[in-house]
Protein chains: 2
Amino acid sequence: MTVTLADVAARAQVSPATVSRVLNGNYPVAASTRERVLKAVDELDYVLNGPASALAAATSDLVGILVNDIADPFFGIMAGAVQSEIGGPGGRAGGERLAVVCNTGGTPERELTYLTLLQRQRAAAVVLTGGAMEDAAHQAAVAAKLRKLTEAGTRVVLCGRPPAPQTGAIALTFDNRGGGRELTEHLIGLGHRRIGYIAGPEERTTTRHRLEGHRAALAAHGIEEDPRWAVHGRYDRQSGYEATLELLRRDPTLTAVVAANDTVALGACAALRDSGLRIPEDVSVAGFDDLPFSIDAVPALTTVRLPLAEAGARAGRIAMGREEAPIGGIATVRGELMVRGSSGGPRV
Amino acid sequence: MTVTLADVAARAQVSPATVSRVLNGNYPVAASTRERVLKAVDELDYVLNGPASALAAATSDLVGILVNDIADPFFGIMAGAVQSEIGGPGGRAGGERLAVVCNTGGTPERELTYLTLLQRQRAAAVVLTGGAMEDAAHQAAVAAKLRKLTEAGTRVVLCGRPPAPQTGAIALTFDNRGGGRELTEHLIGLGHRRIGYIAGPEERTTTRHRLEGHRAALAAHGIEEDPRWAVHGRYDRQSGYEATLELLRRDPTLTAVVAANDTVALGACAALRDSGLRIPEDVSVAGFDDLPFSIDAVPALTTVRLPLAEAGARAGRIAMGREEAPIGGIATVRGELMVRGSSGGPRV
DNA sequence: CGCGGTACAGCAAGCGCTTTCTATGCGGTA
DNA sequence: TACCGCATAGAAAGCGCTTGCTGTACCGCG
C-alpha cells in the first residue's frame, strides 16, 4: 500500500538503516550509495512517515505558536514572523519545521488544551504570543504546563507576554506600560486634560499595563482622573464604537480618547464621526500597536508602534536556538510613539 | 524519565491495553477499572505520546490549513473559521485536533513543501485557501500531490480556490468573476465610463477572475477598455498606492478606480487624497473582500463582501466529514455587492 | 447442572523508523 | 607481509502505542 523505508531499501539494495542515514544525513554514506538510495526514493515517491520517525528519534519538527485571534493582524504579523524564522519551507534554517498556529480565542481552557496537545506531539518549541490572562489559577496552571514543557526539552518563548518566572520560558515582553504613558503624555503635552480611555478586557495583562501607563502619565502631570473617563471593552471595533458613545454620554466635554488598540480606535473614530464630532479638531484619538491599516485611517492614527514582526522573528530564532536568549531570560521590547493626524490640540 | 502508558498501567494494576482503551474510549471498560486508570493518569500527570499513537493507529489528529499570508486578515479570517470547526479545543467536534496553519507566502515551492510536510505527518485533512498560481507546471505538481493525499485518505478541501479536477479535492470556489462584474456594473450604472483597474499579481487565479469580471461588465455595456487603464501589482497597500499614481499619470481623466482587494483600495484612497482628489466627488474607489476595516475607511469602501468566515467554517466541516460535500465536489460561493460612500456619480 | 453468551481484561504482534553495536573490506604502515 | 585503523554498511533492538485475538469470569436459561 504505502511505501516505507524498507521498500526503498529493497529497491536500492541496501539496508533500511542506510536509507535512514541518507535521509537524515548525519552519518557517512558513500556517494554512490547515497545516489542509489535517492534514486529509489524518487522512483517510489517515498515520503517519510513523520510519526514513526518522531517516535524512534524522540524528537519532532513541530513548533507551536499560540495566538489569541488569528484573524487579528496583531497576531497574524507575529505568527508570520515566527514562522519565517523557524525554518519551515523558505525559512533560513536547515531542517524543515512545521509551524502549528493555534487559535486560543483568548480563553484559558483552550490555551491549556493546546499546550497539552503540543506537549503530546512533543513539539520542538512553543511560542506564546499576546497578553496573558490574569486569573491566578489559570496562570498557575499555565506556568506548570510551561515548566513541564521546558523540562522535557521543549523551548518555550513568550512573545509580547509578561515573563513566567520559574518556568524556564524566555520572555520578550512589550513595554505596554511605557508606551501607554508616552502616548498619554503626548496628549497632555498638546493641552488635553479631559481624556477618555477605552480599555481592553479587564483580565488581560496587556489591558492593565496600558491603562497603568495612561494613569501614570495623568498622575505625573497632576491630572486627577474622573472615574467616568475609563470604560472596559473587547479588543474589537464594535466595542470601541460603543465605548466611545458611552464615554461621550458620561462626559461630553472630553477632548481626547485613547483606545486600547488600533482596532478599537477605529471604532472610536466612527462613533465620533457619527456623533458629528471632528477628529482631531473636536476630539483627538489615539490607538496602540500601529497595525498596517492605522496609517490609512482618516485622519491617520496617532499610536504606539510595536515592532511585531521584529519581535516575532526574534522569538522564532530564540525558539530555534539560533539566537541567544536575553540575559535573565527576559527582554523588554519598547514601542515607538507615532504622532499622526488624529491627535491635535484640544478645542478651546 | 517521561511517564508512559505502561507506567500508568502498572500504577492502575491493569494492562497497557486497558489504559489505551480507557483513553480512547472505543471499547467497553468497566466503570471501576476506568476510574482507577483515570486516577493513575491524573496522579502521574500522564500525557499521551502523539507520534507513538499516530504510528500505531495509522492516523493523526493534525489538520493542515494553507494560507498565502497569515498576516492578512483575508486568510486569518478563513483560517480561524476552519479551525473553529475542525474540533480543536473549543470546537464542536469530539476528538481534539491540532490545526496546522502554514504560511506559503504565495510561493509555489513553499506550497508544495508544506503539502509534503503534511503528507509526512499523515494529516487527517488539508484545507487550501486563497487563489492558486496559474503556472502550469506548478499546478500539475500540486494536483499530483493532492491526489496522493486524497488517495491516502486525507480529506482535501479548497476554500476560495478553483477546483482541482481529478484530485478528489472538494472545492468551495469564490465567484470572483461574478463579483468583479457586479462591482464594475455598479460603477457603470453610476455613470462612470473611464474606470481604472488595479489588478493583483498576474499569475493568480483570483487576479484573473476578478479582472475578467470587470472586463465582462465593460464589454456588456459597450465600453471599450483603454489598455492604459489596467495595472498589475501586489495585494498590498503600497502597491495600490503606487499603481494609483501610475494610473493617474497615464490618464488623469479617470473617474473611478477599482482595486484588486480592499487593502489595495486603501492604498488607492491614500494616493488619491495625496493627489488632492476627493473620494468620491472626483474619483470613486471600489475594493473587494469587505475586510473588517473597509467600513472604517473614510469614506467607507464600496466593495464585494466575500463570506470568508462562513466559507472557512464550511470547509472545516467538510474536511472533518461533518458536512456532506457539495454535489460534484464543487460549490460556488457568491459575493455580495456592498455599496458605500466611496462610490458615487462621476464628476461632470 | 451444564452450556451459550456477554462483558471485560490481557497477550502479543506489530506500526515505520532510528541508532547502537558489530561486521567487513581496504589502504597504509612497520 | 602482517597488522591496525578507518570508512562504510548491516543486524537488531527498541521507541510507546493500538488492536485482533484469546482467555476468563459470571450471568441466565433450559
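Lettering follows sequence order; numbering is per chain, from 1. Being a predicted model, the structure only gives us computed values, none of them experimental. FYI, side chains are in, hydrogens and waters are out, and symmetry mates aren't considered; it's all heavy atoms of this structure.
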Checklist outcome for this item: Taken to the nearest whole Å, CG/B/D61 to P/D/dC17 is 14 Å
Next on the checklist: If the threshold is 4.0 Å, N to carboxylate O, is there a salt bridge linking B/R161 and B/E111?
Outcome noted: yes
Item to check | Side-chain donor/acceptor contact of B/R21 with base of C/dG10 under 3.5 Å | outcome: yes
Item to check | A/R322/A/E85 salt bridge by N-O under 4.0 Å criterion | outcome: yes
Next on the checklist: Closest approach to the side chain of A/N24, judged atom by atom: which nucleotide of C/dG16, C/dT18, D/dT18 is it?
Outcome noted: C/dT18
Checklist outcome for this item: Rounded to whole Å, CG of A/N49 lies from P of C/dG14 at a distance of 18 Å
Item to check | 5' precedence on DNA chain C between B/A30 and B/A56 (nearest-nucleotide basis) | outcome: B/A30
Item to check | Between P of C/dA7 and CZ of B/R34, the distance in whole Å | outcome: 14 Å
Item to check | Under-4.0 Å side-chain N/O to phosphate OP1/OP2 contact, A/T33 with D/dA9 | outcome: yes
Checklist outcome for this item: Between CG of A/L48 and C1' of C/dT18 the distance, given in whole Å, is 10 Å
Next on the checklist: Please report the distance, rounded to the nearest Å, between CG in A/L55 and P in C/dT18.
Outcome noted: 11 Å
Checklist outcome for this item: Separation of C/dC8 atom C1' from B/Q13 atom CD, nearest Å, is 17 Å
Item to check | Side chain B/Y27 and base C/dA7 donor-acceptor under 3.5 Å | outcome: no
Item to check | Pair B/R314 + B/E323: basic N to acidic O under 4.0 Å | outcome: yes
Next on the checklist: Closer than 3.5 angstrom, by distance alone: can the side chain of A/R110 be matched with the main-chain N or O of A/N103 as a donor-acceptor pair?
Outcome noted: yes
Checklist entry - Which nucleotide, D/dT8, C/dG16, D/dG16, lies nearest any side-chain atom of B/T4? => result D/dG16
Checklist entry - In terms of side-chain heavy atoms of A/N26, which of C/dT19, C/dC21, D/dC17 is nearest? => result C/dT19
Item to check | Minimum-distance nucleotide to A/T18 side chain [options: C/dG10, D/dA9, D/dA11] | outcome: D/dA9
Checklist entry - When you check the gap from the basic side-chain N to the acidic O, do A/E43 and A/K39 get nearer than 4.0 Å? => result yes
Checklist entry - Base, sugar-phosphate alone, or nothing: which one does B/A17 contact when heavy atoms must sit under 4.0 Å apart? => result base
Checklist entry - More 5' along DNA chain D: B/Y46 or A/R36, using each one's nearest nucleotide? => result A/R36
Item to check | Gap between atoms CG and P, on B/L5 and D/dC17 respectively (whole Å) | outcome: 4 Å
Checklist entry - Does OP1 or OP2 of D/dA9 have a side-chain N or O of A/S15 closer than 4.0 Å? => result no
